[in-house]
Amino acid sequence: MTTTTPTPAPPTDQPHSPVTDHQLAVALPYGLHTPQVARHITARWLAAHGAPASRMGNVVLIVSELVTNAIRHTHESCTLELTLRGSHLDIAVADHGETLPEKSGTPGERGGFGLPLIEGLGGRIKTVPALDGKTVHATLTLTPFSGPHRAPPTTASVR
């Protein structure tokens with residue numbers, strides 16, 4: 001199930017602020033191809049909302065890491081939620097696992113690369129435990145942002 005919901009943004013005094021926030025929530029089944037599907041959905045959705053091509057690869061890689069971890073560690077379905085507020089993107093993956101992610105001291109053949117990789121790409125990670133699992137958020141800034149809901153930047157006139 002996929003839903004896209006534009007929601008009104010709070011008022012702001014800043015010029016060229018976005019008129020709406022955009023959100024996408026997708027229930028992803030457990031399966032070998034789930035990370036690939038999540039990457040494809042993410043790339044198309046962000047492109048439709050004007051995300052800069054220079055950041056697309058990073059975002060898709062972060063989504064892939066979060067979804068892969070959810071699938072790998074729970075062997076169950078998960079939910080991908082993307083929330084775009086101006087140039088800020090929150091990537092959230094909810095799963096039914098009780099184990100919270102940890103940064104391992106030394107990545108090895110059994111993993112441990114994901115969280116440092118996400119942080120290295122500019123993502124800030126937060127885990128929110130829930131009664132039936134957890135949600136792992138990675139938040140990052142997409143700049144420059146040229147979405148359809150954003151007015152073009154002003155240029156100073158040269159005299």
Are P101 and T127 side-chain neighbours, meaning at least one heavy-atom pair lies under 4.5 Å? yes
Next item on the list: Would you indicate whether the side-chain heavy atoms of D21 and R85 approach each other to under 4.5 Å?
Entry: yes
> Any donor-acceptor pair under 3.5 Å linking the side chain of T42 with the backbone of V60?
Replying inline: no
Heavy-atom nearest pair, G31 first then P35, reads O-CD, 4.1 Å
Check this for me: E98, atom CD, are more than 12 non-hydrogen atoms of other residues, nucleotides or ligands nearer than 6.0 Å? no
Between T135 and A94 the two heavy atoms that sit nearest each other are OG1-CB, 3.4 Å
Side chains of I118 and L66, heavy atoms from C-beta outward: is any pair under 4.5 Å? yes
One should read off an interatomic distance between L24 CG and L80 CG, to the nearest 0.5 angstrom, of 6.5 Å
Could you state whether V128 and I62 fall into the same hydrophobic cluster, counting links through intermediate Ile, Leu, Val, Met, Phe, Trp or Tyr residues with side-chain heavy atoms under 4.5 angstrom apart? no
Is any side-chain heavy atom of L28 closer than 4.5 Å to one of S77?
no
Exercise. Check whether any side-chain heavy atom of N69 lies under 4.5 Å from a side-chain heavy atom of V136, and answer yes or no.
Key: no
message: Would L82 and D90 count as a side chain to side chain contact (heavy atoms under 4.5 Å, CB included) here? Give the steps.
response: CA-CA 6 Å; L82 304 172; D90 179 61; over 6 Å; no
In this structure, CG of L89 is separated from CG of L84 (nearest 0.5 Å) by 6.0 Å
Residues T99, H73; criterion side chain to side chain contact (heavy atoms under 4.5 Å, CB included); working and verdict: CA-CA 9 Å; T99 305; H73 296 293; over 6 Å; no
Here the gap from E65 atom CD to I91 atom CD1, rounded to the nearest 0.5 Å, amounts to 11.5 Å
CE (M56) and CZ (R44) are apart, to the nearest 0.5 Å, by 11.5 Å
Decide yes or no for V26 and W45: does some side-chain heavy atom of the first lie under 4.5 Å from some side-chain heavy atom of the second?
no
Q: Walk me through it: do L140 and R55 pass the test side chain to side chain contact (heavy atoms under 4.5 Å, CB included)?
A: CA-CA 10 Å; L140 63 155; R55 294 290 281 158; 2.9 Å; yes
Checklist entry - So do the side chains of L100 and K134 get within less than 4.5 Å of each other, counting heavy atoms only? => result yes
(message) Regarding T141 and H88, do their side chains bring together a donor and an acceptor under 3.5 Å, going by distance alone?
(response) yes
Result for side-chain contact (heavy atoms from CB on, under 4.5 Å) between I71 and one of V67, T74, T68 points to V67
Inset, instruction - Find out whether V93 and T79 are in side-chain contact, i.e. whether some heavy atom of one side chain is under 4.5 Å from a heavy atom of the other. - result: no
- Query: Are a donor atom and an acceptor atom from the side chains of R124 and T139 found within less than 3.5 Å of each other?
  - Reply: no
